[in-house]
Amino acid sequence: MFLKFKDEVSSILSRAVKKAGFDTDDLALSESPHADLASSVGFKMAPKYKKSPKEISEKIYKNIAIQADSYVARAEMAGPYINFFMSRTFLNETVLRVLLDRENFGNLDNKGKIILEHTSANPDGPLHIGHIRNSVIGDTLARILKRAGYDVETQYYINDMGRQIAVVVWGLENFQFDSTKKKDHAIAEVYINANKSLVDEKEHSPEVDAIMKKYEAGEPEIEGKFKNAIDTCMEGIKESLARMNIHHDKFIWESQFVRTGEVTEIMDQVKALDRCELKDGAMMVDLKDMGIQKSLVIQRSDGTSLYTTRDLSYHNWKDSQCDRMIDILGADHKLISSQLKAVLRILGHKEPHIVIFEFVSLPEGSMSTRRGVFISADELIDEVEKAAFEVVDKKLPDKDVEFKKKVAAFVSIGAVRYDIIRISPEKATVFDWKEAVDFEKQGAPFIQYAHARACSIIKNAKEEGILFENFDPNVLLEVQEIALIKKLSVFERVIDDASRELKPNLLAIYARELADSFNQFYRFVPVLSAEPVEFRAARLALVDCSRIVLANALDTLGIIAPESM
RNA sequence: GGGCUCGUGGCUUAGCUUGGAUAUAGCGCCGGGCUUCUAACCCGGAUGUCGAGGGUUCGAAUCCCUCCGGGCCCGCCA
């Protein structure tokens, strides 16, 4: 709804600009604490027309014409600014729209297929707290893009040809696999032991090299061993992801591109370029003219492929089946991904949009699966859930254990997801246990609680026989009511911004603000006991609207919207 | 050393792409509010040289330059 309001303001303003005898393509509209939309066109046009901003604004203002049934109530001059306000018609229609569109409220009608790759952690151990920053950003973005109308397919790229998986395969033959542990954790144990042994006893290193070579050659026996190792680890990883409400549509093994010959194909394409040269037997691509000083090696001197080469053909393959590619990658991929994009551009292929997120480190330093220095996602969720249970136990002493466990589960997943997504991806963070298990701060539980409150009112209304099939939205006049309706209307703009700029944290902020608006309404405006009685139906309708949009926002964040907690 | 990136109250953080009206919010701190629809809530208060310096501009947290500090990368690893 907000976008319609904005469209209307734009056309009203641009007509006024034209009528005043000016010309501009920038109406300088922005949301502001002073208005629902504010324009600073005066400033923008002052240099061009050599008049004061105020003088220009006044001229434009005098030419503003607003129709009676418009979404725009009025325009006001405030110094050199022109402020626009939402009309009663707009507010009423917003309420009706939410009730009509329900779970689809806020959806946009963008078209096109997007393949979004996220997580793609090496299957050599469990997901740790750095990996799940990738997962949560990727999954939330996928949900936002779906709501924006796109056909989104999520993919997990399994790096099965790297040395670390060969180390796991070697490790499984030389070390005990602890089957009492969750499978990804048991794989990590083997991987850590194997790495330690490879460092201590260098003579084993050629054994790993041999395994890698056999796998690249496609030897059936070794392929079976890789498949077994990876499937084992992935089973654990998928379990952790599912616990966080994250599911991938496809899992793509990088070896498939070697097997089909697509890697050779793209290597030949690159090799045919003038910018390629053989250096000590390895094939290097010069990218200096693309602003990248480091040349990229696409083929080893023994003729085998490298990660980037395979990634090149993976992207080429993705390109053939979608309109747009988005990759979520850690900060360590900055250089390699810009090289990848540059080569794809040179070859005339589509480039992926890359969302880079900065590292999550521990107070003592960075994490490493290989060294066994990490906090796993499972451990994090377990601890947060334990803390959540204690809070639930204290707040709801009369409820049965099953209920408390259920609440602790969705509260903790919500808290973990929200704490990750609220921070801009480009910010490096240091993990803090105290922060992670803190339920006092305004996070997911705050939003979930607002939703549960709304549900509770509706439930009570039903029991008391209060209906809102027929209601008059014109009686929603309290400041908290108007602020709440405006907040509801803005949901689609948030989806629009977040999907265009690939900034999922915008949605996290919005959800919190919406819960905040609802809580203020809840505190100051009685619903079921409202007088006169006609107010009850209208307010109840507004509660239902809030419930719907809170649920939509939470769903888009991948967080459960509970009916009670 | 080079490249990229981040630096906003005690702590965490929004805003920066597209410069504009008193810089966003949370935690913590101080004070207040449960016989009223779930107090995981609400209200009020204190706290800021937007890392430092320079520049562009009528106007800079936002753009440009220099410097300082943190992170990431710079391998025929992935």
Side-chain angles (χ1 to χ4, degrees), chain A residues 26 28 30 32-35 38 40 42-44 46-47 52-53 78-81 83 120 122 124 159 161-165 254 279-284 291-294 297-308 310-311 330-336 338 356 358-359 361 366 388 391-392 394-396 407 411 419 422-424 426-430 432 435 438-450 452-461 464 466 501 503 505-506 508-509 512-513 515-516 518-520 522-530 536 539-540 543 564-565:
Chain A
D26 183 11
S30 64
S32 146
H34 310 279
S40 54
F43 287 110
K44 286 277 175 301
S52 79
Y81 298 92
N83 291 335
S120 301
N122 291 330
D124 53 19
N159 302 135
M161 300 204 70
R163 190 180 170 82
Q164 72 288 122
I165 302 307
E254 68 170 334
K279 206 167 161 192
D280 303 325
M283 190 57 74
M284 319 273 290
I292 301 164
Q293 294 307 308
K294 282 280 173 190
V297 182
I298 60 147
Q299 188 181 45
R300 291 197 185 92
S301 43
D302 66 0
T304 58
S305 62
L306 286 105
Y307 167 81
T308 325
R310 290 171 229 130
D311 210 18
D332 51 341
H333 284 70
K334 275 182 209 167
L335 175 61
I336 199 84
S338 64
I356 296 280
E358 287 290 337
F359 271 45
S361 57
S366 57
V391 175
V392 177
K394 207 160 62 191
K395 298 208 191 259
L396 306 166
V407 173
V411 158
D419 281 345
R422 58 181 259 266
I423 309 290
S424 296
E426 67 271 13
K427 233 120 185 174
T429 61
V430 177
D432 179 359
E435 172 85 0
D438 177 15
F439 287 95
E440 293 309 311
K441 61 178 194 277
Q442 267 190 14
F446 175 82
I447 305 160
Q448 291 173 311
Y449 187 69
R453 275 177 147 181
C455 290
S456 175
I457 293 180
I458 289 162
K459 186 167 153 251
N460 292 338
E464 290 176 32
I466 303 171
E501 296 170 37
K503 282 186 178 173
N505 59 311
L506 297 179
I509 296 162
R512 201 209 63 230
E513 287 174 351
D516 211 4
F518 178 74
N519 280 333
Q520 283 170 34
Y522 180 92
R523 164 67 183 78
F524 290 104
V525 185
V527 178
L528 301 179
S529 61
R536 291 180 195 175
R539 288 180 181 172
L540 201 50
V543 171
S564 72
M565 65 185 274

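Letters A, B, ... are given to chains in the order of the sequence lines, protein chains preceding strands, and every chain is numbered from 1.
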Specify the separation, in whole Å, of atom CG of A:D419 and atom P of B:C27. 13 Å
Gap between atom CE of A:M283 and atom OG of A:S301 - 0.5 Å precision: 11.0 Å
In whole Å, what is the span from the CD1 atom of A:I423 to the P atom of B:U12? 10 Å
Salt bridge (charged side-chain N to carboxylate O under 4.0 Å, His left out) filter on A:R163, not counting sequence neighbours, yields A:D209
Nearest-Å distance once atom P is located in both B:C64 and B:C27: 35 Å
When all nucleic acid strands are considered with a 4.0 Å heavy-atom cut-off, which category describes A:Q293: base, sugar-phosphate, or nothing? nothing
Take atom C1' in B:G26 and the same atom in B:U66, then report the distance between them in whole Å. 35 Å
Touch class at under 4.0 angstrom, heavy-atom based, for A:V392 against every strand present: base
Once you apply a heavy-atom cut-off of 4.0 Å, does A:S338 come out as touching a base, just sugar-phosphate, or nothing? nothing
What's the gap between B:C16 and B:G59 when it is taken at their P atoms, as a whole Å value? 22 Å
Whole angstrom value for the distance that separates P of B:A39 from CZ of A:F446: 13 Å
Starting at atom CG of A:N505, determine the distance to atom C1' of B:G26, rounded to an integer number of angstrom. 15 Å
Quantified in whole Å, what is the C1' atom distance between nucleotide B:A14 and nucleotide B:U8? 10 Å
Is A:R523 near enough to B:C37 that one of its side-chain N or O atoms lies under 4.0 angstrom from OP1 or OP2? no
Could you give the distance separating B:U22 and B:A60 at their P atoms, to the nearest angstrom? 12 Å
Taking only the side-chain nitrogens and oxygens of A:S40, find out if one of them lies under 4.0 Å from OP1 or OP2 of B:G20. no
When you measure from the side chain of A:Y522, which nucleotide among B:C27, B:A39, B:A40 comes out closest? B:A39
What nucleotide, of B:G20, B:C27, B:A78, holds the atom closest to the side chain of A:E254? B:A78
What is the distance, to the nearest angstrom, from the CZ atom on A:F359 to the P atom on B:C72? 7 Å
Within the structure, does a side-chain N or O atom of A:Y307 lie under 4.0 Å from either OP1 or OP2 of B:A78? no
Would you say A:R310 reaches B:A78's phosphate, i.e. side-chain N/O to OP1/OP2 under 4.0 Å? yes
Are A:R453 and B:A39 close enough that a side-chain N or O sits under 4.0 Å from OP1 or OP2? yes
Atom CZ of A:R512 to atom C1' of B:G15: distance rounded to whole Å? 13 Å
Expressed as a whole number of Å, how far does the C1' atom of B:A61 sit from that of B:C41? 33 Å
Here the distance between atom P of B:G15 and atom NZ of A:K503, to the nearest Å, is 5 Å
Is the side chain of A:S32 donor-acceptor paired with the backbone N or O of A:H34 at a distance under 3.5 Å, no angle test? yes
Between the base of B:A40 and the side chain of A:N519, is there any donor-acceptor pair under 3.5 Å? no
Out of B:U38, B:A21, B:C27, minimum distance to the side chain of A:N83 belongs to B:A21
What integer distance in Å separates A:H34:NE2 from B:A23:P? 10 Å
Using a heavy-atom cut-off of under 4.0 Å over every strand shown, decide if A:Q520 touches base, sugar-phosphate, or nothing. sugar-phosphate
A:K427 vs B:G7: side-chain N/O to OP1/OP2 distance below 4.0 Å: yes
Do A:N159 and A:R310 have a side chain donor and acceptor closer than 3.5 Å? no
Would you say A:K334 reaches B:C4's phosphate, i.e. side-chain N/O to OP1/OP2 under 4.0 Å? no
Using the test side chain to side chain donor-acceptor pair (under 3.5 Å), find all partners of A:R536 that sit at least two apart in sequence or belong to another chain. A:E531
Give the nucleotide from the list B:C77, B:A14, B:C76 with an atom nearest to the side chain of A:S301. B:C76
Can you tell me if A:T304 touches the phosphate of B:C76, counting only side-chain N or O atoms and a distance under 4.0 Å to OP1 or OP2? no
Given B:C76, B:A21, B:U12, the nucleotide with the shortest approach to the side chain of A:R300: B:C76
